[in-house]
Amino acid sequence: GDRTIDAAGHRVVHGGERFTAPARVTNEVIRAIERLAPLAPLHNPAAAQGLRAMAERWPDMPQVVVFDTSFHQTMPREAWQYALPDEVYTEHGIRRYGFHGTSHDLVTGLAAEHLGIPRGEFRAVVLHLGNGASATAIRDGVSVDTSMGYTPLAGLVMGTRSGDLDPSVVTHLMRNHGYDAEELDTLMNRRSGLLGLAGEADMRQVLENAASGDGRARNALDVASYRLAKYVGGYHVAVGGAQAIVFTAGIGENSAPFRARVLDRLEALGVAYEAEANRARVAGPHTISAPESAIPVLVVPTDEEQAIARLTWELAR
Ligand code: AMP
């Protein structure tokens, strides 16, 4: 056909500290993405290859890169620094970066709009619950803390990732049970989370098994919802009192039973929701909390592809 592509937008996992926003692609930008390879060895080199290949094939087509990390570059140092000797950060770049930024950013804007609060004044806890899951604390419309860390392994219980863990578990397993780095990586990233606890990574299946009396599935839901509720409580403090709790992504948007399990644990924050509103299937951003809830609870569909397309259009035109 005679249709041409106006621009290409790429999702890139790691922008390190260099990229605080999406960027127009230049050779220098591609080199910078490659230099960040130590932070994302599986993803950044592949992204750079893709960018180069497209630049060679379509030299005049604008390309834009959108980073999973950049939205979280507004975190204050107290939130991103690990309490390790400072040189571990200065020499090796070990710090909290955070991920899912494109989604957290989009959903924050949509939630503020839905509530009629100026984005720059918006305080919220945003819960992106998909196969990977992360919570973000939003203050003045920007990220001030997030549950993923140096890598996407930290924080919440996910489909196959453990989330938070005492790091000594790792050294113990290496010393006493013969695990090497590769095996530990697989254990924590691919065999843990819902899969490790319940034998199923898919939330639908876990809920179904729990409903038919499977004790492992029930336990997995307890561990996951308890962990999540603790993060909401912590981030409520971090943002100075949230004006909204926002659910998004596969589980956050679609799983009323899992949302209910989390919200039931937030009574101490004055959160109240309506079972019917929680169960109702509504397209677009909507409120599921009861009118008397101290904090409104919203479901806001995310759309990372559309967000990347919009950002690309803005930078490419
Ligand atoms: P995502 O990574 O955002 O595509 O989300 C994937 C996760 O969403 C999987 O754990 C799915 O089981 C879950 N999910 C999708 N639809 C539903 C649903 N209707 N009920 C419960 N979980 C769902």
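Counting starts at 1 for both ligands and their atoms, following the listed order.
If you take CG on Leu129 and CG on Leu156, they are separated by 7.0 Å, rounding to the nearest 0.5 Å. Rounded to the nearest 0.5 angstrom, Tyr231 OH and Ser134 OG are separated by 10.5 Å.
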Handout entry: Stepwise ring pair (Phe, Tyr, Trp, His ring centres under 6.0 Å) check, Phe67 with His14
Key = CA-CA 6 Å; Phe67 300 93; His14 224 299; 8.9 Å; no
Practice task
Report the C-alpha distance between His104 and His72 in whole Å, list the side-chain angles of each, state the deciding distance to 0.1 Å, and finish with yes or no for ring pair (Phe, Tyr, Trp, His ring centres under 6.0 Å).
Solution key: CA-CA 9 Å; His104 284 295; His72 300 298; 5.8 Å; yes
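Partners of Glu274 by salt bridge (Lys or Arg N to Asp or Glu O under 4.0 Å), not counting sequence neighbours: none found.
Ligand 1 lies under 4.0 Å from heavy atoms of Gly130, Asn131, Asp202, Met203, Arg204, Ala249, Gly250, Ile251, Asn254, Ser255.
Between His172 and His177, a ring centre-to-centre spacing shorter than 6.0 Å is recorded.
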